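All values derive from a computational prediction rather than experimental measurement.
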Amino acid sequence: MKTSMDGWGSGLAGVIIFSGSLPATRVAVSDFSPLFLTSARAVIAALLGAALLFALRQKKPSRDNLLSLLIVALGVVVGFPLLTAIALQYITSAHSIVFIGLLPLATAIFGVLRGGERPKPLFWLFSVIGSATVVGFALSAGAEVSLVGDLLMVAAVIACGLGYAEGAKLSRTLGGWQVISWALILALPLMAVVALFSLPETWAGIGGGAWMGLAYVSVFSMLIGFVFWYRGLALGGIAAVGQLQLLQPFFGLLLAAGLLHEKVSPLMVVTTLAIVLCVAGARKFAR
């Protein structure tokens, strides 16, 4: 029981950290291109991860772990950030929440396929209801539809769900922060090249807010958040703890309201309460 509660606590900390990514990204892309922001955050996080691995004298992963680390790198270091950055050129941020709401379900499915978990039938009911609630909330705001943007977001959700589940499985033996650090290092050569080719033409007009946004998504969203997230998934279960992602859009909106002075509607409060109930129900029947 203690292990499960520790897992849920770590998972919630990870979700809260990830929730700051949207407001930080909104500020950062005002002066940085999405492609540079995506690659630069991976490069910075990889250098920090490499420093940690070296300072703490961590052993290199075995050859048996390389394929899983590659899947993590392609899913959460390269795939999800890049696909969503491109997708947001075709759809609005509000519309993207429709797909983020499907991420917990995707994570749970890959938890079954890759992690060997077997949640009870009622878990899937609460998971689907929770996902549908988030999607319904996002659609109620209204948004323009783009086939290209929608397909990119579907691909992003699949890549992220697989990366989450694979990283959680590997964290059980390799450790949470070690998994994301090694995955970042695997992706470093590619992301460094992309960063060099997408450098801003001038640094003069880049404001302090953009630099702070880049710092947040590099240090917290790309590294520290995964330390808590992978630990939570490994201890509490991929399918169960993954349902906490249903709260991420609402945490993000609250942060956006506080930092960017966006309006928080009564509907958002009611929907958040419904999501909490779905998460609680999914947790009860996860095993």
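Within the structure, no pair that satisfies the ring pair (Phe, Tyr, Trp, His ring centres under 6.0 Å) test touches residues 174-199, not counting sequence neighbours. Counting only residues at least two apart or in different chains, side chain to side chain donor-acceptor pair (under 3.5 Å) contacts with residues 185-212 are absent. Pairs passing the ring pair (Phe, Tyr, Trp, His ring centres under 6.0 Å) check and including a residue from residues 47-72, sequence neighbours excluded, do not occur. Legend: side chain to side chain donor-acceptor pair (under 3.5 Å) pairs involving residues 47-65, not counting sequence neighbours, sorted by first then second residue: Q58-Q178, S62-N65.
Scored by the side-chain contact (heavy atoms from CB on, under 4.5 Å) test, A155 finds L83 as partners (sequence neighbours excluded). Residues passing the side chain to side chain donor-acceptor pair (under 3.5 Å) test with T84, sequence neighbours excluded: none. Partners of I17 according to the side-chain contact (heavy atoms from CB on, under 4.5 Å) rule, which considers only residues two or more places apart in sequence or in another chain, are Y216, F220, I224, F228. Judged as a ring pair (Phe, Tyr, Trp, His ring centres under 6.0 Å), and not counting sequence neighbours, the contacts of Y230 are F226. Listed by chain and residue number, R231 satisfy the side-chain contact (heavy atoms from CB on, under 4.5 Å) test with S10 (two or more places apart in sequence, or in another chain). With sequence neighbours excluded, the residues satisfying side-chain contact (heavy atoms from CB on, under 4.5 Å) with L48 are I44, V219, L223.
A side-chain contact (heavy atoms from CB on, under 4.5 Å) with Y164 is found for exactly one of F80, F110, W229, namely W229. The residue from L170, L69, V77 that alone fulfils the side-chain contact (heavy atoms from CB on, under 4.5 Å) condition with I180 is V77.
Once rounded to the nearest 0.5 Å, the distance linking CD1 of I16 with CG of L244 reads 9.5 Å. To the nearest 0.5 Å, atom CD1 of residue I206 and atom CG of residue L214 are 9.0 Å apart. Atom CG of L235 sits about 9.5 Å away from atom CZ of R172, to the nearest 0.5 Å. For the atom pair I109 CD1 and L162 CG, the distance stands at 12.0 Å (nearest 0.5 Å). Atom OG1 of T107 and atom CG of L233 lie 7.5 Å apart (nearest 0.5 Å).
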Just distance, no hydrogens or angles: give the donor-acceptor pairs under 3.5 Å from side chains in residues 27-40, sequence neighbours left out.
residue : atom : partner : partner atom : Å
S30     : OG   : V27     : O            : 2.5
D31     : OD2  : G207    : N            : 2.9
S33     : OG   : F36     : N            : 3.1
T38     : OG1  : P34     : O            : 2.8
S39     : OG   : L35     : O            : 3.0
S39     : OG   : F36     : O            : 3.1
S39     : OG   : A195    : N            : 3.4

Side-chain polar contacts of residues 186-194 - donor-acceptor pairs under 3.5 angstrom, sequence neighbours left out - could you list them?
none

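G75 approaches P81 most closely through the heavy-atom pair O-CD, 4.5 Å. What you find for E166 and S68 is that their closest heavy atoms are OE2-OG, 2.7 Å. Contact between V72 and A183 at its shortest, heavy atoms only, is CG1-CB, 3.7 Å. Of all non-hydrogen atoms in V217 and A24, the two that sit nearest each other are CG1-CB, 3.9 Å. Scanning all heavy atoms of the two residues, the minimum distance from A168 to A234 falls at O-CB, 3.8 Å. Contact detail for V241 and G232: the closest heavy-atom pair is CG2-O, 3.5 Å.
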